[in-house]
Amino acid sequence: MPEYSWPPMNKRAVMGKSFDRLDGPQKASGRAKYSSDLNKPGQLFGVFLHSPHAHAKVKSIDISAAKAMEGVTAVRIIAGPGAELQWAGAEVAIVSAVREEIAKDAIRAIKVDYEILPHVVQEQDLSKVGSRAKAAGEQVTGDPDKAFKEAAAVIDGQYGCPVITHCCLEPHGNVVQWTGGTVNLWPSTQAVSSIGGDLAKQLEIPATDVKVQMDHVGGGFGSKFPSDRWGSEGAKLSKESGGRPVKVYLDRSNELTIGGVRPSAFAKIKVGANADGKIIAWQSESWASGGVGGGGMPPIPYVMTKIENFRLNHTAVSLNAGPARAWRAPNHPQASFLTCSALEDLAAKLNMDPWDLFHKNVEMSARPEVYRKQLVKAAELMDWKKKWHPRGAETGNIRRGVGLGMATWGGAGHASKCKVSINADGTIEVEIGSQDIGTGTRTCITQVAAETFGLPMSAVRVKLGDNAFPASGPSGGSTTIGGVSSSTRKAAVNALEKLFERVSPGLGVPADQLEAVDNKIQQKGNPAKGLTWKQACQKLGVDRISEMGENVPAQAAKEGLNTLGAAGIQMAEVEVDVETGIVRMRKMVAVQDCGLVVNPKTAASQVYGACIMSICSGLMEERVMDRVTGHVLNDDMEFYKLAGMGDIGEIVVHMDITPENDKRGIIGLGEPCAIGGLAAIANAAANALGVRVPMVPLTPDRVLAALSSDRRNA
Amino acid sequence: MSSIKDKEKQTKPAVSRRGFLGGASVGGGLLATSLAVQEADAQAAGKLSGLGEVAITLNINGKPTNLAVEPRVTLLDALRHKLDLTGAKRVCDRGTCGACTIMVNGKTVYGCSVLAIDAVGKQIATIESLGGPGKLHPVSAAFVKHDAQQCGYCTPGFVMAAKAFLDKNPNPTREQVQKGLSGNICRCGTYVGMREAVLEASRSMRNA
Ligand code: FES
Ligand code: FES
């Protein structure tokens, strides 16, 4: 059995070092070709007709005028007479034409008669959703009622975060061509290896007939896994248009309406504690919606899961709005926000520094020691003890405050296969059906291969983004880095063993006594007895070595290449103008536990980016539905607000890179760092203002409303 | 309004939506209307009106380039669909995000908010006029060095905006960089690296 385990931390030459991302020059020079950049010969444009109603039945649809238009090559009905449409923006028909402008004109020429049905698009007030609410049933542990009676302090709060969208800058869509027996798909996806099979099923053709290729993807964040209508309908348009390729991408309005959302989360929460701050009771009634299907159930109480007495109720609300898709750490940012907000309020009630309350109660988490250490580190980086003050201590017009939030995530590697080849000229080729969604996957795979062969990065070519390569899992749930690193490592070790066998007789050293270091193959620890890498590979003559490697999740923990379990603490410092209600970021601190970090530079970028996404959802980002029309009111980027460069303040990222963490193996990072920031920002505002703003994002109207209700209550 | 030239004069402010936005806080409704007006104006603009494509010549990256577009087609779509110059991206398509940033007569412009026919006779520069991967422009190189990109879809727009900003402000402060690049949006959240990248590019360009 070959030795796959990672070389010791202090012996690594390439892994664990910071490298510029390899596709950086392509991207930064505008030369990288995303699928949405493709202009295939004879390419047509596909445009959808979307439902203007939030809930309706199609009575009749007339496509004849559209079909007759010059330049239109095909028109397809998606929702025929009788079809029920459950949200505004749902696809009704699609047109392909030689120019995009003509396709848009043709869409306008389609006549649809709808029977309009009643819709519900808002869930903030649970009493107004009527039959759309579906209770999940009560869970009780211990005796919460008794515990609340015995508690020294009890708080009762209500908190909420709205639906937000992914707002990927490259919209959902694809270029697709169905000609002869083959469908070529150039998607914008997080799942190169599986999207072809999905599409094949939709088209009822063999999976072998779908070829998928993608070099880059302009953002996914969890919203780009399946094959969607743009794939299947685009393919059918292509076929009906004599096999010409068709490009179908959502425009911004539809991207924000149907491209995916993160479910909302609201909760009434009651928490009871002893006088020393130990939490003894929890009760919550939560509700959420992510569209017609209801929506995620946030796992609360979050992190502190071992509270002895609790009662949980959750209600899923079905709304006539675009459906949910996985959104970076599904349900976790919401759960962290709900839980940490309630705990901060509890600390205020006890006149305690929330840091102390969290520090005490992480006892009830799965990894108390890790959180304690992180709390200490984060406090140091934030200068927490100096900055924190009791609520109400700030009285000026500009008030500052600090807050914290917690995170937990799995992040073990997904199933992944990889093929590594050694060529006679010494170059290495890695083929893997994965994708680089901006996380630096290409670069990290290259590092793993280079490390294994004792070669520089430049000797390795990584080929991904093609479903002809060995299958590798979708990039979701922070599973990619563990999966692809492990399969690459194993394939590379297997290939290297074969090369050792080839050169062993000539060197007079048994194959299992050889090592590959510093561009050489040599007797272990004896540079005098060896060959340069080039000389060794020349022995392959016209041959090449190709070996497979596989990460099997069920076995991965045993092998130690990747594992799961990431913890994180984030802190925020904000400044609030109580006259305007404007909240501004001053500083954020992210302390992130991680296992073996392959590339600290791209890893840190993940964490910076996650902090900034938390700033967006904490201060500005929200999908606003119109109760009357059922439309998304802010289906554009003026009013669907995201942070700009001037909105982020200072951000400090601390990756817990230590020998003990390193020994755990590789753990995914994308989700865990995208969780705690929202709670941290909400709590920082509560600390600054002396009053809780119950709902994020902390827009000026909400801040001013909270202040004025506080004045009325005073 | 009977010729392109007249129209140019009249719509000059609209060519630089960035400047337009800088001067006042305007809602999307107004922007959309302004685009619709441009579209209508263009349709009325003599020879170039009506349905169907018209032949125009654009001066792109120093080269006169012939193409045929419908009068309602934006400069961005003309670049992307007709000329395969796809560095500029179509994201919001209405002058908010900066992903389509290009230069027209030395000024940054949102390519999605200019009609192709309005760009006739002007000097258009896209990111393809800057060095490719083997010979990166200092701004692009600094973006790579500071990992100022993740998915990279916003990057070409930011690089163009940063280059134009540095041409005018060769020695900016951090605050000036933040303000100068506030017309662009990145969803992946790469601003920390970008801030450093622009400052570093300013140093390397001054020393060049
Ligand atoms: S695409 Fe032009 S500004 Fe957004
Ligand atoms: S790098 Fe993805 S949007 Fe900026």
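Bear in mind the structure is a predicted one, so any value in this text is a computation, not a measurement. Throughout, a chain's letter reflects where its sequence line sits, starting with A, and its residues are numbered from 1.
Neither the backbone nor the side chain of A:Tyr249 comes within contact range of chain B, judged by heavy atoms closer than 4.5 Å. Both the backbone and the side chain of A:Ile102 come within less than 4.5 Å of a heavy atom of chain B. For B:Val177, the parts sitting under 4.5 Å from any heavy atom of chain A are the backbone and the side chain alike. In this structure, chain B has heavy atoms under 4.5 Å from both the backbone and the side chain of A:Thr602. Of the atoms belonging to A:Gln606, heavy atoms from both backbone and side chain fall under 4.5 Å from chain B. For A:Cys616, the part lying near chain B is the side chain, with the backbone staying farther off; criterion is any non-hydrogen pair under 4.5 Å. Both the backbone and the side chain of A:Tyr608 come within less than 4.5 Å of a heavy atom of chain B.
Every side chain to side chain contact (heavy atoms under 4.5 Å, CB included) that B:Pro138 has, sequence neighbours left out, goes to B:Ser204, B:Met205.
In the displayed structure, B:Lys179 atom NZ is contacted under 6.0 Å by at most 12 heavy atoms of other residues, nucleotides or ligands.
Annotation: the span from A:Ser18 atom OG to B:Asp147 atom CG amounts to 9.0 Å, rounded to 0.5 Å. Within the model, atoms OH of B:Tyr191 and CD1 of A:Ile612 stand 7.0 Å from one another, a figure rounded to the nearest 0.5 Å.
Closest non-hydrogen pair, B:Leu58 versus B:Ala116, comes out as CD2-O, 3.6 Å. In plain terms, the two heavy atoms of A:Glu638 and A:Lys641 that are nearest each other are O-NZ, 2.9 Å. When all heavy atoms of A:Ser614 and A:Leu678 are compared, the pair lying nearest together is CB-N, 3.8 Å. Across all non-hydrogen atoms, the minimal contact from B:Phe158 to B:Leu181 is CE2-O, 4.0 Å. B:Arg94 and B:Cys112 get closest at one heavy-atom pair: N-SG, 3.6 Å. Looking at every heavy atom in both residues, A:Arg21 comes nearest to A:Ser605 through NH2-CB, 4.3 Å.
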Item checked: A:Glu170/A:Ser36 under side chain to side chain donor-acceptor pair (under 3.5 Å): CA gap, chis, key distance, verdict -> CA-CA 7 Å; A:Glu170 181 183 37; A:Ser36 53; 2.6 Å; yes

Checklist line | Candidate pair A:Arg442 and A:Thr446, rule side chain to side chain donor-acceptor pair (under 3.5 Å), full reasoning | finding: CA-CA 6 Å; A:Arg442 269 190 185 87; A:Thr446 307; over 6 Å; no

Next item on the list: With side chain to side chain donor-acceptor pair (under 3.5 Å) as the test, would you mind laying out the steps for B:Thr126 and B:Asn61 before giving the verdict?
Entry: CA-CA 7 Å; B:Thr126 68; B:Asn61 299 334; 2.9 Å; yes

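Close approach to chain B, defined as a heavy atom under 4.5 Å from one of its heavy atoms, is seen in A:Leu642, A:Ala643, A:Gly644, A:Met645, A:Gly646, A:Ile648, A:Gly649 of residues 642-649 of chain A, taken by number. Scanning residues 76-84 of chain B against chain A with a 4.5 Å heavy-atom cutoff picks out B:Asp77, B:Arg80, B:His81, B:Lys82, B:Asp84, ordered by number. Residues from residues 127-134 of chain B that place a non-hydrogen atom less than 4.5 Å from a non-hydrogen atom of chain A comprise B:Ile127, B:Glu128, B:Leu130, B:Gly131, B:Gly132, B:Pro133, given in numerical order.
Per-residue heavy-atom pair counts under 4.5 Å with chain B were compared for A:Lys247, A:Glu255, A:His166, and the maximum is reached by A:His166. Between chain B and the residues A:Arg31, A:His216, A:Glu100, A:Met637, the largest count of heavy-atom pairs under 4.5 Å involves A:Arg31. Of the residues considered (B:Val91, B:Thr155, B:Val139), B:Val91 shows the highest number of contacts with chain A, using heavy-atom pairs under 4.5 Å. The greatest number of non-hydrogen atom pairs below 4.5 Å with chain A, out of B:Ala88, B:Gly87, B:Ser140, B:Cys97, is found for B:Ser140. The choice from B:Arg195, B:Gln149, B:Gln178, B:Lys145 that makes the most heavy-atom pairs within less than 4.5 Å of chain A is B:Gln149. Ranked by heavy-atom pairs shorter than 4.5 Å toward chain B, the options A:Asp23, A:Leu169, A:Asp20, A:Ile651 are led by A:Leu169. With chain A as partner, the option from B:Val144, B:Val159, B:Val73 having the largest number of non-hydrogen pairs under 4.5 angstrom is B:Val144.
Checking A:Arg623 against A:Asn634 by side-chain atom types alone, no donor-acceptor pair falls below 3.5 Å. Side chains of A:Gln435 and A:Ser475: a donor on one and an acceptor on the other come within 3.5 Å. Looking only at atom types and distance, the side chain of A:Gln592 has no donor-acceptor partner in the side chain of A:His654 under 3.5 Å away. Checked by atom type, the side-chain pair A:His172/A:Ser188 shows no donor-acceptor distance below 3.5 Å. For B:Asn66 and B:Thr57, the side-chain atoms include at least one donor-acceptor pair closer than 3.5 Å.
At a threshold of 4.0 Å, the pair B:Glu70-A:Arg99 counts as salt-bridged, since one of the basic side-chain nitrogens sits closer than that to a carboxylate oxygen.
B:Tyr153 carries B:Lys89 over the face of its six-membered ring, with the cationic atom under 6.0 Å from the centre and within 45° of the normal.
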